[in-house]
Chemist: 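Before I ask anything, let me first share the structure, which is written out below as structure tokens.
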Amino acid sequence: GLIDRFALIKRKILGYGRITSQELESINKEIKISLLQADVNYLVVKNFMDGLEEKTKILELSRSLKPGDLVIRAVFEELVELLGSETRSIDFRGDTYSVLSLIGLQGVGKTTTAAKLAQKFRDRNPLLVPADTKRPAAVQQLQMLADRAKTPMVPLEKGSAAATVKKARQLAKDKGYGLIIIDTAGRLHIDDELIEELQDIHRTLKPDYRLLIADGMSGQDAVNQASRFNEQIGLDGAILTKMDGDARGGAALSIKSAADVPLYFIGTSERLDGLETFHPDRMAQRILG
Amino acid sequence: MEILIQADVGVKYAEVIRAKLERAEGDRIMALREEIASLLSQPRPSRGVEAPVITMVSGVNGSGKTTTAAKLANLHRKAGTVLLVSGDTYRDAAHEQLNIWAQRAGVEIVASQRGQDAAAVVHDAMSKAFAKKNSHVVIDTAGRLHTRADLMEELKKIVRVIIKFRPDGPDYNILTIDANLGQNSIQQAKIFTEAIAVNGLVLTKFDGTAKGGAIIPICNELRLPVLYLGVGEGIEDIVEFDPEDFARSVTT
Ligand SMILES: Nc1nc2c(ncn2[C@@H]2O[C@H](COP(=O)(O)OP(=O)(O)OP(=O)(O)O)[C@@H](O)[C@H]2O)c(=O)[nH]1
Ligand SMILES: Nc1nc2c(ncn2[C@@H]2O[C@H](COP(=O)(O)OP(=O)(O)OP(=O)(O)O)[C@@H](O)[C@H]2O)c(=O)[nH]1
Ligand SMILES: [Mg+2]
Ligand SMILES: [Mg+2]
């Protein structure tokens, strides 16, 4: 991967002690290619390269680094910063229940992630809400997951996501649940009717966190999808799923640049415990390959 | 070739195509589309004449296998008697999901329960289909990441069961590729093909805004044809793949 190629370049550069503009250009080309191969969006890569140039100049002024180290450090640090710098955690309301709404494209892992969140925040007394009235056997799927996560699930109000959510709100008030997790139907960011349905759900029960659930293997279009969801619905965070595969995960950078919301977790298996904190530095390593 | 990169064609193939076009004369866009169409024109499986025609659908999690299996069963129902098989014995409510589709398509379904041995379910379904002389059998399998060697072994086992009934394995050994995914699709296709000799692709979720360009390297390197495009969540939302139409859409 890029890290290995850098190691080779580094040895070569350290041999010379300084870097020629030709060498720098070839390194930059390698970085650009590597990021594209990692599924970082083309325009995001362009912006990244411009930002990198700035950072390299700043580091150059410090003069304490050898040129090879300089470039590698600059790339890595720039990536970590763009990915959020530190891990972030969900802040729950102390006084009343918190609401998480999981949204995203079809098949990305919303339903599974809803149950994973219920398990992770078991001590918050969570309640799962099936707001997918479209997908065949969606509520059965969530019920089975809820049972395994030992979490109650609101029964589905026939044919209406908003009605089910309304019921959840009532139940939370009556029974004192601390966390409401809404699993919504997969939808296209370009489907006006379904976007309207989502807005309706959020008017019925205002989420504290609107979480974009995105497939870790997503390609170039991840930027478009994230920005459309952000424009039309608003996003407060994101979770990147299926990161137990070997996708480099450039979509993480695409989502951050499109919506600039914290990446809270990554999905790392199909199991209920397959939800790990998102670490910007680990993600940067993975993207660089 | 910025437009190709943004279509998920990838750096390598964007360069390969660009280099080829340098020597092209005349209309650049037309030459580009012809080149893409030619990369996508791969031999279709020359199978599927003996009843029952066996279709198996595999692919990574959430790529659209179950919905595609239902769509294919529906297509075949118009010309014959179809047996749909719940080969996914892992996912919650997998059979319940496929069962609803079977009702919508008006076809018979072989049930399964979570935790059963998938190969055993497929074995029983095969016996049934060959005894009843169904025209078609469509087998849905559980989603799996190609990086899970144990799950790839399970898939191989399912194919071995099918081979007992039909020596060349499934007539249509289909891999679903989600059009929203990037370069990882190529690795998925490589590993699945190495494991079970995939002979055709279905590119799903093509009704979104992603271009699905990753199938260009896949089709050319693995000599695999795209058989259909998934263009929506309804049972009729499937169309035959046309390389020229696709070439046009990926360059727009
Ligand atoms: N390996 C792996 N599989 C995952 C992960 N998250 C979800 N999946 C799988 O991805 C598939 C789709 O998950 P779902 O939770 O049904 O996805 P969804 O977004 O709710 O799908 P729709 O409701 O149809 O839009 C299932 O097979 C899940 O088990 C993950 O982090 N890793
Ligand atoms: N828009 C659109 N959605 C699709 C298409 N094909 C499948 N879907 C949706 O994608 C989601 C996942 O589809 P499934 O058929 O359950 O995918 P799968 O591969 O069987 O998933 P697992 O069994 O969990 O691995 C569902 O919400 C489907 O409705 C398509 O062509 N277009
Ligand atoms: Mg779901
Ligand atoms: Mg399925």
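Just so we're on the same page: letters track the sequence lines, and every chain starts at 1.
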Chemist: I'd like to know which of A:Ala251, A:Gly250, A:Gly245, A:Ala38 tops the heavy-atom pair count under 4.5 Å against chain B.
Modeler: A:Gly245
Chemist: Between CD of B:Glu233 and CG of A:Leu188, what distance do you get to the nearest 0.5 Å?
Modeler: 7.0 Å
Chemist: If you count heavy atoms of other groups shown closer than 6.0 angstrom to NZ of A:Lys158, is the number above 12?
Modeler: no
Chemist: At what distance, to the nearest 0.5 angstrom, does CG of B:Asn61 lie from OG1 of A:Thr241?
Modeler: 9.0 Å
Chemist: Heavy atom to heavy atom, less than 4.5 Å: which residues from residues 178-190 of chain B reach chain A?
Modeler: B:Asn180, B:Leu181, B:Gly182, B:Gln183, B:Asn184, B:Gln187, B:Gln188
Chemist: How far does CD of A:Gln140 sit from CG of B:Asp92, to the nearest 0.5 angstrom?
Modeler: 11.0 Å
Chemist: In terms of heavy-atom contacts, does CD of B:Gln113 have more than 12 from other residues, nucleotides or ligands at under 6.0 Å?
Modeler: no
Chemist: If the contact rule is any heavy atom under 4.5 Å from chain A, which residues of residues 94-103 of chain B qualify, in numerical order?
Modeler: B:Glu96, B:Gln97, B:Ile100, B:Trp101
Chemist: When rounded to the nearest 0.5 angstrom, what distance separates CG in B:Asp8 from OH in A:Tyr42?
Modeler: 14.0 Å
Chemist: Report the option among A:Met144, A:Lys32, A:Lys134 that has the most heavy-atom pairs separated by less than 4.5 Å from atoms of chain B.
Modeler: A:Met144
Chemist: Does CZ in B:Arg91 sit with more than 12 non-hydrogen atoms of other residues, nucleotides or ligands closer than 6.0 Å?
Modeler: yes
Chemist: If you define the side chain from C-beta out and look only at heavy atoms, does anything of A:Asp244 sit under 4.5 Å from B:Arg148?
Modeler: no
Chemist: Just how far is it from atom CG of A:Asp246 to atom NE2 of B:His146, taken to the nearest 0.5 Å?
Modeler: 3.5 Å
Chemist: Out of curiosity, A:Leu105 CG to B:Thr209 OG1, how far, rounded to the nearest 0.5 Å?
Modeler: 7.5 Å
Chemist: Report the option among B:Thr147, B:Val60, B:Thr204 that has the most heavy-atom pairs separated by less than 4.5 Å from atoms of chain A.
Modeler: B:Thr147
Chemist: Please output the residues of residues 215-232 of chain A in contact with chain B, using a heavy-atom cutoff of under 4.5 Å, in numerical order.
Modeler: A:Asp215, A:Met217, A:Ser218, A:Gly219, A:Gln220, A:Asp221, A:Asn224, A:Gln225
Chemist: Using only non-hydrogen atoms and a strict under-4.5 angstrom cutoff, which residues of residues 106-121 of chain A touch chain B?
Modeler: A:Gln106, A:Gly107
Chemist: If you tally heavy-atom pairs under 4.5 Å against chain A, which of B:Arg104, B:Lys12, B:Lys211, B:Arg114 wins?
Modeler: B:Arg114
